[in-house]
Protein chains: 2
Amino acid sequence: MKPYIDILKNKGLKITPRRKAIIDIFVNCHKHLTSEGVWSLLSNEFDKCGLPSVYRNLETLVECGILTRIQQFDRKKHYGLCTEHHNHPHHHITCISCGKVEELGACEMDNKRIIKGYKVVNHFMQVNGICAGCSK
Amino acid sequence: MKPYIDILKNKGLKITPRRKAIIDIFVNCHKHLTSEGVWSLLSNEFDKCGLPSVYRNLETLVECGILTRIQQFDRKKHYGLCTEHHNHPHHHITCISCGKVEELGACEMDNKRIIKGYKVVNHFMQVNGICAGCSK
DNA sequence: ATTATAAACAGAAATAATTTCTATTTAAGG
DNA sequence: CCTTAAATAGAAATTATTTCTGTTTATAAT
């Protein structure tokens, strides 16, 4: 929790109750959640919490490297906690059964600057699987 | 053109003017296009062409392996022609300047069945860059 | 502590990609 | 040429996300 707060502070962003609550949700559940998923969990805590605030904060937290964001084909953005490597781009594997997220090691693409004559600008990878616990 | 038509035939799908026109668009432009991009190009050819038909056909062509589909963070699905390897999953690099698409070689993830205890179900990778032509 | 201020907020409304529904048309085999 | 299931058009619905406006609040300076 503390290190995430520090990241916000270092970037000059305010430590608001909403932001702390959102980070707390991810710290405790270690799953990927949609914006609406976060919103409904927040509603347990706050009588009033606007969905636009959730969207705004999730994006802010992604920009800080606190959350990672993936875009599946369901038209929804999914967010999850980055537990390490905030300063390096990296990828995640997500359990399609329980939603758990873990970071993957280095990607072969990470160090490539040129591929087939293309200057690499960015790349995304998303791996979906079934975790050991859910496989049983 | 012909091989794509054959793929449709082999799957028992009808060879309709819309489908031929959509494939033709991709064969001629070799770029990733959004559903609406395809639709507006189709409008040059057909007075009437429903957007729902475009969506349906694009998805059908993806299922056949004729097109590839990527989901960027702009909330739009992007489609491009698969010029080879219809029967194997593979990834693409897209030029963010001109939209050109090329296939990437094998991905290190392709042969992995288990990672960190997860049974790998599927994975997506999208690489964006600037092609040699656009770099000049 | 108090206050000033820019950032963050709630809520309503707008936006826009995609999907659904229904009735009509058409490709393709017999 | 017919038959029929698949494909189509168009309208309407759905829904994730964004925008807008006015209000509140965290934070830093007093």
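Residue numbers begin at 1 in each chain, while the letters A, B, ... track the order of the sequences. All values derive from a computational prediction rather than experimental measurement.
The distance between atom CG of A/Leu51 and atom C1' of C/dG11, rounded to the nearest whole Å, is 11 Å. Atoms CD1 (A/Ile22) and C1' (C/dC9) sit 12 Å apart, rounded to a whole Å. Rounded to an integer number of Å, the gap from NZ of B/Lys9 to P of D/dA6 is 18 Å. Taking atom CZ on A/Phe46 and atom P on C/dA8, their separation rounds to 15 Å, with Å as the unit. Rounded to whole Å, the distance from CG on A/Leu33 to P on D/dA16 is 15 Å. Here D/dT8 presents its C1' atom at 15 Å from CG of B/Leu13, a figure rounded to the nearest Å. B/Trp39 places its CH2 atom 16 Å from the P atom of D/dT8, with the value rounded to the nearest Å. Atoms CD (B/Glu45) and P (D/dA9) sit 12 Å apart, rounded to a whole Å.
With 3.5 Å as the limit, one finds no donor-acceptor pair spanning the side chains of A/Asn57 and A/Glu59.
The nearest heavy atom of DNA chain C to B/Pro17 and to B/Asp74 marks one nucleotide each, and the one closer to the 5' end goes with B/Asp74.
Look at B/Tyr55 and you'll find a side-chain N or O under 4.0 angstrom from OP1 or OP2 of C/dT18. The side chain of A/Lys48 contributes an N or O atom lying less than 4.0 Å from OP1 or OP2 of C/dG11. For B/Thr34, no side-chain nitrogen or oxygen approaches OP1 or OP2 of C/dA17 to under 4.0 Å. The side chain of B/Ser35 contributes an N or O atom lying less than 4.0 Å from OP1 or OP2 of C/dT18. Using a 4.0 Å cut-off, no side-chain N or O of A/Arg18 falls inside it from OP1 or OP2 of D/dT25.
Listed for the B/Asp24 side chain is no donor-acceptor partner under 3.5 Å among the backbone atoms of B/Lys20. Within the 3.5 Å criterion, the main-chain N or O of B/Cys49 finds no donor-acceptor partner in the side chain of B/Ser53. Remark: side-chain polar atoms of A/Lys116 are paired, donor with acceptor, to backbone N or O of B/Glu103 under 3.5 angstrom. Distance alone, capped at 3.5 Å, is enough to place a donor-acceptor pair between the A/Arg19 side chain and the A/Lys14 backbone.
Distance from the side chain of B/Arg19 is smallest for D/dT8 among the nucleotides D/dT18, D/dA11, D/dT8. The B/Ser53 side chain lies nearest to D/dA9 when the options are D/dA7, D/dA9, C/dT18. Residue A/Lys77 places its side chain closer to D/dT17 than to any other of D/dT17, C/dA8, D/dA7. Checking C/dC9, D/dA16, D/dT27 against every side-chain atom of A/Ile15, the shortest atom distance belongs to D/dT27. Nearest nucleotide to the side chain of B/Arg56, out of D/dA7, D/dT17, C/dA8: D/dA7.
Residue-level contact check: A/Lys14 touches the bases, meaning some heavy atom is under 4.0 Å from a base atom.
On a pure distance criterion of 3.5 Å, a polar donor-acceptor pair joins the side chain of A/Arg75 and the base of C/dA17.
No side-chain heavy atom of B/Thr94 sits less than 4.5 Å from a side-chain heavy atom of B/Lys100.
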